[in-house]
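These values consider heavy atoms only, across backbone and side chains, with no hydrogens, waters or symmetry-generated copies. Along the sequence shown, the residues carry numbers beginning at 1.
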Amino acid sequence: LFLTISLTLLTFFGYRTIRRYIQMLIEPQAKVLVKKLMDDLKREGKETITNITTDLNKILDNRDASKPLTEDPRKKLVKFEAKLTKEKTEIEYLFDDWFYKGLYEYDNGNNPGAITYWSEALKLNPNSDLAYFNRGLAYSNLNQHEKAIKDYSKVIQLKPNYAPAYNNRGIVYKNVKQNESAMNDYNKAIELEPKNAPAYHNIASISYGLRQYKEAIKDYNKAIEADSNYSNAYCGRGDTYSKLNLFEKAINDYNKAIETNQNNYIAYNNRGAYYHRIEQDPEAAIQDFNKAIEIEPNYASAYCNRGVSYDKLGHDEEAIKDYNKAIELDSRYAIAFNNRGVHYGKLKQDEKAIKDYKKSIELDPIYESAHTNLAEALIITNDHQGALNSITKALSFSVETENIALLRYFDCITKKLLNMDTSECESLFSEIIKKDFTIISFSFDLLESWIKVVDISENTKKFVKEKTVLLKKHLKGH
């Protein structure tokens, strides 16, 4: 039996009522449900559903269960639905109606609608921990962090031993950069449920964000020990292995993440980034980004990363379209602004590039790559003092060897262009390039093109070229 119930009917009668109606159609012997259904409906709604129910029951009593219903009852239902769009039938909703209507809206991506219905449900039952929990999820999806924390806190007040509430509140705390509060909640979730894989995963993600990669690996391992099929833990551990240059382990974990959950769009996205950055195979990367977008069409990171791969292939129109889409989906996505700036720089649209780099830094003041790219763009456009200011600021917080090496490189070049003493910066540059590191996400093409045409002394050109040769030895694949 197949019968389509549209959003209009759900909106007017509620999930619980329609669910009973469908159950009644499928189980004609359970006709006791008819009376209960009728009690939930009024006036025209009652009469119309009664007539349709009678027709359907006659058919069900004398039909081959393998064959579909005749069209007449369907047409009656469609006709009734059309009438409802003009004249709303007043129904007295119960808690279950509002609650399930909220679930319907949430499942269809309508977080504001879900919040409205769950709020109505809570008016009828102010002590429903489940309604508070679900509304907290919707608030979190809308980045309404304070409201989400308030709802999760209410759940914990009503149900103090409910581990998922602590875990979810911890996620919101992490999103507002309250890592200590987040860690406390994750640890409480583990105390209540020692095999809580998501909580271990979330602790690991904090360590990852703090660049404590070995600690992150330990907690990702604990998450996998707690649940060997927890896809996100493999994905996170893969990211961490990649940071530690353990690339074979990284790709194995991305594959395992997808094997355990073929709808894990984050795993496809991260494996695509691996193919692009490590394997330098943008075409394979695009396939994974496409899959991520197919699963989750509003996933900004996949569009941003696909833009980088299109950039690598010289598909300028597709690249800029993807960067714009990523920014449309997330207007605070610093990486997307930075990457679009790189694209504009490649096209010699320096003003647009600089504007995007500055926006990226505004959104994430400690984003090293944006500072590095801004410094390069300012050097090329002869704003050498501005470049030095950006470099000096970035050096105050940068910790990754690759980023520090690039900043020391630009520091030397900028000071040379400003006719400043370069002895100290050259010494620091010489020291850093002796270390073992690999430059993966930077191209020297713009600077090398600039040095060919810029009007500076031959001595300065020689200086820049010498430093470039030394640093390029650390390029991946060099």
Side-chain angles (χ1 to χ4, degrees), residues 208-214 242-245 277 334-335 338 341-342 345 350 353-354 357-358 360-362 364-452 454-478:
Y208 179 90
L210 296 172
R211 298 186 173 95
Q212 298 170 357
Y213 299 128
K214 292 183 179 179
S242 184
K243 286 290 186 181
L244 294 170
N245 294 330
R277 295 178 70 250
I335 296 174
N338 176 70
V342 172
D350 296 320
I354 290 169
Y357 295 143
K358 288 183 176 179
S360 180
I361 292 168
E362 175 191 326
D364 185 355
I366 60 171
Y367 183 24
E368 295 107 317
S369 292
H371 282 281
T372 303
N373 291 331
L374 176 61
E376 181 186 43
L378 293 174
I379 289 171
I380 290 172
T381 56
N382 295 316
D383 184 0
H384 302 146
Q385 186 59 55
L388 184 59
N389 293 342
S390 184
I391 293 162
T392 302
K393 185 174 182 179
L395 281 169
S396 70
F397 57 76
S398 189
V399 295
E400 298 277 358
T401 304
E402 173 189 348
N403 292 323
I404 294 173
L406 283 165
L407 290 167
R408 293 295 180 200
Y409 165 74
F410 282 120
D411 191 36
C412 288
I413 293 173
T414 307
K415 287 177 178 175
K416 186 70 173 178
L417 291 166
L418 290 168
N419 296 315
M420 296 172 64
D421 180 17
T422 62
S423 56
E424 183 181 0
C425 65
E426 285 189 79
S427 176
L428 292 169
F429 177 71
S430 297
E431 183 180 329
I432 194 82
I433 62 171
K434 292 175 184 177
K435 295 185 178 182
D436 182 20
F437 64 94
T438 303
I439 297 175
I440 297 174
S441 303
F442 186 81
S443 169
F444 292 87
D445 293 348
L446 287 180
L447 202 75
E448 289 180 325
S449 297
W450 167 79
I451 202 67
K452 293 176 182 178
V454 67
D455 184 17
I456 55 177
S457 70
E458 289 302 316
N459 179 52
T460 302
K461 285 189 177 183
K462 181 181 177 183
F463 179 91
V464 173
K465 289 177 181 179
E466 286 175 351
K467 297 295 181 285
T468 303
V469 169
L470 288 171
L471 190 56
K472 284 182 73 174
K473 291 179 180 179
H474 291 272
L475 270 176
K476 181 174 177 58
H478 190 276

> Should we say atom NZ of Lys462 is surrounded by more than 12 heavy atoms from elsewhere, each under 6.0 Å from it?
Replying inline: no
> Are the side chains of Ser398 and Ile404 in touch, meaning some heavy atoms are under 4.5 Å apart?
Replying inline: yes
> What are the two closest non-hydrogen atoms of Phe463 and Cys412, and how far apart are they?
Replying inline: CE2-O, 3.5 Å
> Quick one: are the ring centres of Tyr409 and Phe444 less than 6.0 Å apart?
Replying inline: yes
> Can you tell me how far CG of Leu388 sits from CG of Leu417, rounded to the nearest 0.5 angstrom?
Replying inline: 10.5 Å
> Are any side-chain N or O atoms of Ser427 and backbone N or O atoms of Ser423, one a donor and one an acceptor, separated by less than 3.5 Å?
Replying inline: no
> Per the side chain to side chain contact (heavy atoms under 4.5 Å, CB included) rule, which among Lys472, Glu466, Lys465 passes with Thr468?
Replying inline: Lys472
> Which pairs, with at least one residue in residues 415-430 and sequence neighbours excluded, count as a salt bridge (Lys or Arg N to Asp or Glu O under 4.0 Å)?
Replying inline: Asp411-Lys415, Glu426-Lys467
> Could you state the interatomic distance from CG (Leu446) to CD1 (Ile379), rounded to the nearest 0.5 Å?
Replying inline: 11.5 Å
> Which heavy atom of Ile456 sits nearest a heavy atom of Trp450, and at what distance?
Replying inline: CD1-CH2, 4.3 Å
> Is the shortest heavy-atom distance from the side chain of Ile432 to the side chain of Leu428 under 4.5 Å?
Replying inline: no
>> Could you walk me through whether Glu400 and Arg211 satisfy the salt bridge (charged side-chain N to carboxylate O under 4.0 Å, His left out) test, starting with their C-alpha distance in whole Å, then the side-chain angles of each, then the deciding distance to 0.1 Å, before giving a yes or no?
In response: CA-CA 9 Å; Glu400 298 277 358; Arg211 298 186 173 95; 3.1 Å; yes
> Could you state the interatomic distance from CD (Glu368) to CD1 (Ile361), rounded to the nearest 0.5 Å?
Replying inline: 11.0 Å
> What closest approach, in Å, do Ala405 and Leu471 show between heavy atoms, and which atom pair accounts for it?
Replying inline: CB-CD1, 4.0 Å
> Are any of the side-chain heavy atoms of Ile413 and His384 separated by less than 4.5 Å?
Replying inline: no
> If every non-hydrogen atom of Ile433 is compared with every non-hydrogen atom of His474, which pair is closest and at what distance?
Replying inline: O-NE2, 2.7 Å
> Does some side-chain heavy atom of Phe429 sit less than 4.5 Å from a side-chain heavy atom of Leu470?
Replying inline: yes
>> Among residues at least two apart in sequence or on other chains, which ones pass side chain to side chain donor-acceptor pair (under 3.5 Å) with Thr401?
In response: none
> When you look at Met420 and Thr414, which way does the side-chain contact (heavy atoms from CB on, under 4.5 Å) test go after all the steps?
Replying inline: CA-CA 9 Å; Met420 296 172 64; Thr414 307; over 6 Å; no
> What is the minimum heavy-atom distance between Tyr367 and Ser360, and which atoms define it?
Replying inline: CD2-OG, 3.2 Å
> Restricting to pairs with a member in residues 370-381, which pass side chain to side chain donor-acceptor pair (under 3.5 Å), not counting sequence neighbours?
Replying inline: Asn338-Asn373, His371-Ser390
> Within a strict 4.5 Å, meaning less than it, do heavy atoms of the Cys425 and Thr422 side chains meet?
Replying inline: yes
>> Tell me the closest heavy-atom pair linking Asn403 and Ser369, and the distance in Å.
In response: OD1-OG, 4.4 Å
> So Leu447 and Val464, side-chain contact (heavy atoms from CB on, under 4.5 Å) or not? Walk me through it.
Replying inline: CA-CA 9 Å; Leu447 202 75; Val464 173; 4.3 Å; yes
